[in-house]
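First the proteins, then the strands, lettered A, B, ... as listed; each starts at 1. Any value given below was found using the heavy atoms of this structure, including those in side chains, with hydrogens, waters and symmetry copies removed.
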Protein chains: 2
Amino acid sequence: MIEAPAREQILDAAEKRARMAGYHGFSFRDVAEDVGIKSSSVHYHFPTKGDLCEALARRYTVRAADRLGDPRILAPGEGLERVTALFRDAVLVEDRMCLCGMFGAQRDALPAQVATAVSAFFQMILDYLDVAPRASRGSQNPAALLARLEGALILARTLNSPSLFEDALSETAA
Amino acid sequence: MIEAPAREQILDAAEKRARMAGYHGFSFRDVAEDVGIKSSSVHYHFPTKGDLCEALARRYTVRAADRLGDPRILAPGEGLERVTALFRDAVLVEDRMCLCGMFGAQRDALPAQVATAVSAFFQMILDYLDVAPRASRGSQNPAALLARLEGALILARTLNSPSLFEDALSETAA
DNA sequence: CGACATCTATCTATCGATAGATAGAATCAT
DNA sequence: ATGATTCTATCTATCGATAGATAGATGTCG
């Protein structure tokens, strides 16, 4: 069993915690204990909390973009499906909030470097949906879909009802 | 100029901060300084942070319900309009996140009493939309609208674009 | 009425715990 | 043995929370 590099383990632990409790809801010590090292070692890899959370948001964005792939080569409607799948996994598989949805809600309380990285995530998704072929003319505007996905995540998790996530994505009442 | 009761001033300050930074993003001292008293005086009115934030969520729910009124006496489509107006004011007038959207995102890191009060807010809105007359048959399912509003709030604020809020509410691409 | 008691709301001061962050020694790997 | 990494140890600041004192309003009762 090959150990993941410490830097990645730190990011994994920090992402998990940030997606549960938000920027101010976890500490260097929390992350260090999760990984099994000392908090000063976390500071070695990420000098400040802003650095750590900026890296978090960037990695989150890159991973999402990788999974989404090139939007120009998709069948009509598939872009929408792929973005939806990202958020469906967050609630059904990971049972966590979207990292950037969480940070975005707290944007007034974030270091600028983190807020910028979070903006980049949203812009990436919006651009992707804008370029991806639509299923029908005028269907699904990017901002509307993304907003609904972020909100559905909050709703389904708060009311403890994963099925509410799907409800919130359908046009007609449940 | 009649001073508002200390309890209300405390709730006002705490709500403002909670809607900017989340549950862990503000302290008793922050609130106390905003009001111009000592943190121990805040504890007098709200013994624990859970008590304070539960009161926050309850007041938030009552105020929203008051403003929404009785859904049964509304014209078709007006319920939807009224709920939308609530969130539009949050982004355009108050420039703050929805308190319960913020807390909901952090539900894993909240005292149970707060999480329960937040659930009650969402349930109140969903019930309201469910009872209010729809504009057309099968139009707008409650969970979909509420999700989109919460998400639109996050999106518009993160990307620093109030107009994105309206974009996210329209069906067709901007 | 006047004296005593209670209540309300705030204060000062402090608690133990934890926050983010840093310096410098020790250790590990190449 | 050099550079990368982790450690021990510590700092300052702040966290939520509590204790005890106080001032002033209110209430009770002889």
Side-chain angles (χ1 to χ4, degrees), chain A residues 1-57 102-103 106 108-115 117, chain B residues 1-57 59 102-103 106-115 117:
Chain A
M1 181 65 179
I2 297 176
E3 283 265 12
R7 192 192 147 89
E8 291 302 308
Q9 285 184 265
I10 290 168
L11 288 173
D12 290 344
E15 179 178 316
K16 179 185 117 197
R17 287 193 176 266
R19 290 173 67 180
M20 291 195 301
Y23 184 84
H24 299 93
F26 72 102
S27 68
F28 276 77
R29 282 172 179 80
D30 291 332
V31 173
E33 280 171 27
D34 291 346
V35 176
I37 57 178
K38 297 295 172 182
S39 70
S40 53
S41 301
V42 180
H43 279 286
Y44 170 77
H45 294 280
F46 305 97
T48 70
K49 199 172 188 180
D51 294 332
L52 171 59
C53 290
E54 180 189 352
L56 233 42
M102 176 70 85
F103 281 170
Q106 310 179 305
D108 289 325
L110 297 178
Q113 70 196 116
V114 182
Chain B
M1 181 66 179
I2 296 175
E3 283 266 11
R7 192 192 148 90
E8 291 302 309
Q9 286 184 264
I10 290 169
L11 288 173
D12 290 345
E15 180 178 315
K16 179 184 116 197
R17 288 193 174 264
R19 290 173 68 181
M20 291 195 301
Y23 185 84
H24 300 92
F26 73 101
S27 69
F28 276 77
R29 282 170 182 78
D30 291 332
V31 173
E33 279 170 28
D34 291 346
V35 176
I37 56 178
K38 296 296 172 180
S39 71
S40 53
S41 300
V42 180
H43 280 286
Y44 171 78
H45 293 278
F46 304 97
T48 70
K49 199 172 189 181
D51 295 331
L52 171 59
C53 290
E54 181 189 351
L56 233 42
R59 189 182 73 158
M102 176 71 86
F103 280 169
Q106 311 179 307
R107 72 108 203 243
D108 289 324
L110 296 178
Q113 71 197 108
V114 182

Inset, instruction - Can you measure from CD (B/Gln106) to CD (A/Gln106) and round to the nearest 0.5 angstrom? - result: 5.0 Å
Legend entry - N-O pairing of B/Arg17 and A/Asp108 below 4.0 Å: no
Legend entry - B/Phe28 CZ - D/dA17 P separation (whole Å): 5 Å
Inset, instruction - Answer yes if the side chains of A/Asp51 and A/Gln113 hold a donor-acceptor pair under 3.5 Å, and no otherwise. - result: yes
Legend entry - Check against side-chain contact (heavy atoms from CB on, under 4.5 Å), B/Asp34 and B/Asp12: CA-CA 9 Å; B/Asp34 291 346; B/Asp12 290 345; over 6 Å; no
Legend entry - Selection: residues 29-41 of chain B, any non-hydrogen atom under 4.0 Å of DNA chain D: B/Arg29, B/Ser40
Legend entry - B/Leu11/B/Leu52 under side-chain contact (heavy atoms from CB on, under 4.5 Å): CA gap, chis, key distance, verdict: CA-CA 8 Å; B/Leu11 288 173; B/Leu52 171 59; 4.0 Å; yes
Legend entry - Nucleic acid contacts - residues 44-56 of chain B versus DNA chain C, non-hydrogen atoms under 4.0 Å: B/Tyr44, B/His45
Inset, instruction - Mark up nucleotides 25-30 of chain C, 5' to 3', with B wherever a protein heavy atom is under 4.0 angstrom from a base atom, S wherever such an atom reaches only the sugar-phosphate, and - elsewhere. - result: ------
Legend entry - Spacing of B/His43 atom NE2 relative to D/dT14 atom P, expressed in whole Å: 16 Å
Legend entry - Any residue meeting salt bridge (charged side-chain N to carboxylate O under 4.0 Å, His left out) with B/Glu54, in chain and number order, not counting sequence neighbours: B/Arg58
Inset, instruction - Mind checking the NZ-CD spacing from A/Lys38 to A/Glu33? Nearest 0.5 Å is all I need. - result: 8.0 Å
Legend entry - side-chain contact (heavy atoms from CB on, under 4.5 Å) against A/Arg29, all qualifying residues, sequence neighbours excluded: A/Ser27, A/Ser39
Inset, instruction - First locate atom CG of A/Leu56, then atom CE of A/Met102, and finally report the distance between them rounded to the nearest 0.5 Å. - result: 11.5 Å
Legend entry - Qualifying ring pair (Phe, Tyr, Trp, His ring centres under 6.0 Å) pairs with a residue from residues 11-32 of chain A, counting only residues at least two apart or across chains: A/Phe28-A/His43
Legend entry - Atom-pair distance (CZ on B/Phe26; C1' on C/dA19), nearest Å: 17 Å
Legend entry - Short side-chain N/O contact from A/Ser27 to OP1 or OP2 of C/dA19, under 4.0 Å: yes
